[in-house]
2 protein chains.
Amino acid sequence: MMVLVTYDVNTEKEAGKKRLRKVAKLCKDYGQRVQNSVFECLVDPVQFAKLRKRLEEIIDAENDSLRYYFLGDNWKSRVEHVGAKGTYDPEGVLMV
Amino acid sequence: MMVLVTYDVNTEKEAGKKRLRKVAKLCKDYGQRVQNSVFECLVDPVQFAKLRKRLEEIIDAENDSLRYYFLGDNWKSRVEHVGAKGTYDPEGVLMV
């Protein structure tokens, strides 16, 4: 199933920057980064359960926001892209 | 129809910051900001056509990325949220 994962991590403090890196790193293991804080994850239910469990362990629920969009089987017909394909990476070398 | 609009605007240059503010301001007119660069827009086809036209005029297609996700009628069942509800606003007072 295709799950879109979007997040806002509050990076005002150093700990937030660390969370952001962890969230991005984890999402990379499960999906395709399509924008800076947007990942498209083609996962089975077991994989998704793992991803979500781990994400929800990493984030600070009082400061960070996480959204899942379940795009279903016809997900390709639901997506449209305009503009640059590669996203610029404000996290620089830390995103390796 | 519910259209999710997500964007990455390259803000390395001053002009990019201006584009980012314009994109966010426009999206606010059509939808609900759910994360910093993610808007849920409940629009009819005419409204969506206007929104998309305007967005695509604002962005710099070589540097910025824009994605539309058409969530369909059952959009409520497709969305799940975890964590903080309000997004922090890195654009500060400019987002009024």
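Note that the coordinates shown come from a computational prediction; the quantities given were computed from them, not determined experimentally. Protein chains get the first letters and strands the later ones, always in sequence-line order, with residue 1 at the start of each. All values below come from the heavy atoms of this structure, side chains included, with hydrogens, waters and symmetry mates left out.
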ask   = What's the verdict on side-chain contact (heavy atoms from CB on, under 4.5 Å) for A:L71 and B:F70, showing C-alpha distance, side-chain angles and the deciding distance?
value = CA-CA 9 Å; A:L71 299 183; B:F70 303 95; over 6 Å; no

request  = Would you check, one step at a time, whether the test side-chain contact (heavy atoms from CB on, under 4.5 Å) holds for A:V34 with B:D8?
outcome  = CA-CA 9 Å; A:V34 293; B:D8 257 354; over 6 Å; no

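Going from atom CG of A:N36 over to atom OH of B:Y7 covers 12.5 Å, rounded to the nearest 0.5 Å. The CH2 atom of A:W75 sits 13.5 Å away from atom CZ of B:R78, with the distance rounded to the nearest 0.5 Å.
Between the B:Q35 side chain and the A:S65 main chain, a donor and an acceptor come within less than 3.5 Å of each other. In terms of modelled atom types and a separation under 3.5 Å, the side chain of A:E80 and the main chain of B:R67 share no donor-acceptor contact.
Partners of A:E57 according to the salt bridge (Lys or Arg N to Asp or Glu O under 4.0 Å) rule, which considers only residues two or more places apart in sequence or in another chain, are A:K53, A:R54.
In this structure, B:D73 places its CG atom where only 12 or fewer heavy-atom neighbours from other residues, nucleotides or ligands lie under 6.0 Å away.
Among B:S37, B:A61, B:G72, the residue making the largest number of heavy-atom pairs under 4.5 Å with chain A is B:A61. Contact tally against chain A (heavy-atom pairs below 4.5 Å) for B:V3, B:L55, B:D60, B:V79: the top residue is B:V79.
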